[in-house]
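Shown next, in structure tokens, is the structure this report addresses.
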Amino acid sequence: MDSSFKDPFTLEGKKILVTGASSGIGKQCAVQCSYSGANVIIFGRDADRLQDTFEKLKAGDHRKVIVDVCDRNALDSAISEVLQHYGSIDGMVYSVGLEHSLPFNFIKLEDYQTLFSVNVFAGFEICRLLLKKRGLNKNSSLVFISSILSKVANPGLVAYCASKGAIESGVRALALELVPNKIRVNTVLPGVCKTSMTDKFFDKLPEERVKDIIKLHPLGLGEPEDIAHAAVFLLSGASKWITGSSLVVDGGYSIH
Amino acid sequence: MEENKFLRNFIEVFDEVPTEAITMNTVLRAIEGWSSLVGLSIIAMADQEYGVEIDDVDLRGIKTVGELFDLIQKKTNVK
């Protein structure tokens, strides 16, 4: 066996920031990054749940920061704190997301503002702060967890779909802009995964509609680990020729 | 909670249902244009107009407009 062979999928030696790590997909991304060899910094709002994620990480030089990513000052301090400890980092997974099922007639301007603040603006602001503070190493990779609903529509989700579409357009532009910095930027587009956010979404829908949604996923509903594996791939050197792309991980939902 | 105001809020959920077609005795699922999106609209109306959270399990247990009125009223009083 060639002893110079290096596993391109490893995150060994990398420092990765995972936001929205208190639950669901973000939590699983943090755990998977640690098992793939990374030192992980986890951001989340809920102290207890963030602690639970922290305890599930494989041993390493990890850190957790309780922060609301929509609070600009707190976000600035949190990133400074991270960079003080690590110097610079090698990537980020932005997995903060709000779900909002509301028929179009009931969506108020504030609903769009809240959704875009959380789903879109905060993610780009983190990138800006990391760049401004020279906190991203060359060959860094930024991964935004978007949604297959940025491509495939669903009634009652106009604001949500719009916000997820905004991430993707923004990511493509950012990817081009960061080419000179040798930083890659991509999105993952999950279908419906078994998370507490999905439970909340399903609670509002009639049973038959829930069954229909499940049926629309030929491989069934996803697990958070299905998305985490895709995120790790995009963070790793194995994806070094991929930027500005949207990786569909949806159990076949969008084949139809 | 006032009955007429509630009926007006309820009717607004539907695009093309004539006002006089809906009374407290109307069966929800018999209304023309009833769909899962209408269900979502009713959940949103209860939240925005009355600050009350109902979900699909609540809706499933309800047959008529009057029963919906009663449920929202009950939940308003509990608050």
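Note that these values count all heavy atoms, side chains included, but never hydrogens, waters or copies made by symmetry. Labels below follow one simple rule: chain letters A, B, ... track the order of the sequence lines, proteins then strands, and each chain is numbered from 1.
- Checked against salt bridge (charged side-chain N to carboxylate O under 4.0 Å, His left out), A:Arg49 has the following partners two or more places apart in sequence or in another chain: A:Asp46.
- Residue B:Leu37 holds its CG atom at 10.0 Å from CG of A:Leu205, rounded to the nearest 0.5 Å.
- Crowding of A:Arg72 atom CZ: a count of heavy atoms from other residues, nucleotides or ligands under 6.0 Å not exceeding 12.
- With chain B as the partner, the residue from A:Ser101, A:Pro103, A:Gly156, A:Pro155 showing the most heavy-atom pairs under 4.5 Å is A:Pro103.
- Interface residue B:Leu40: backbone and side-chain heavy atoms are both found under 4.5 Å from chain A.
- Heavy atoms of A:Glu208 lying under 4.5 Å from chain B are absent altogether.
- With sequence neighbours left out, the side chain to side chain contact (heavy atoms under 4.5 Å, CB included) criterion links B:Lys5 to B:Glu2, B:Arg8, B:Asn9, B:Glu49, B:Tyr50.
- For B:Glu53, the CD atom is loosely surrounded, since the number of other residues' heavy atoms within 6.0 Å does not exceed 12.
- Residues A:Phe106 and B:Gln48 approach most closely at O-NE2, 2.8 Å, considering heavy atoms.
- The local environment of CD in B:Glu32 is sparse, with at most 12 non-hydrogen atoms from other residues, nucleotides or ligands closer than 6.0 Å.
- Of all non-hydrogen atoms in A:Glu207 and B:Asp56, the two that sit nearest each other are N-OD2, 3.6 Å.
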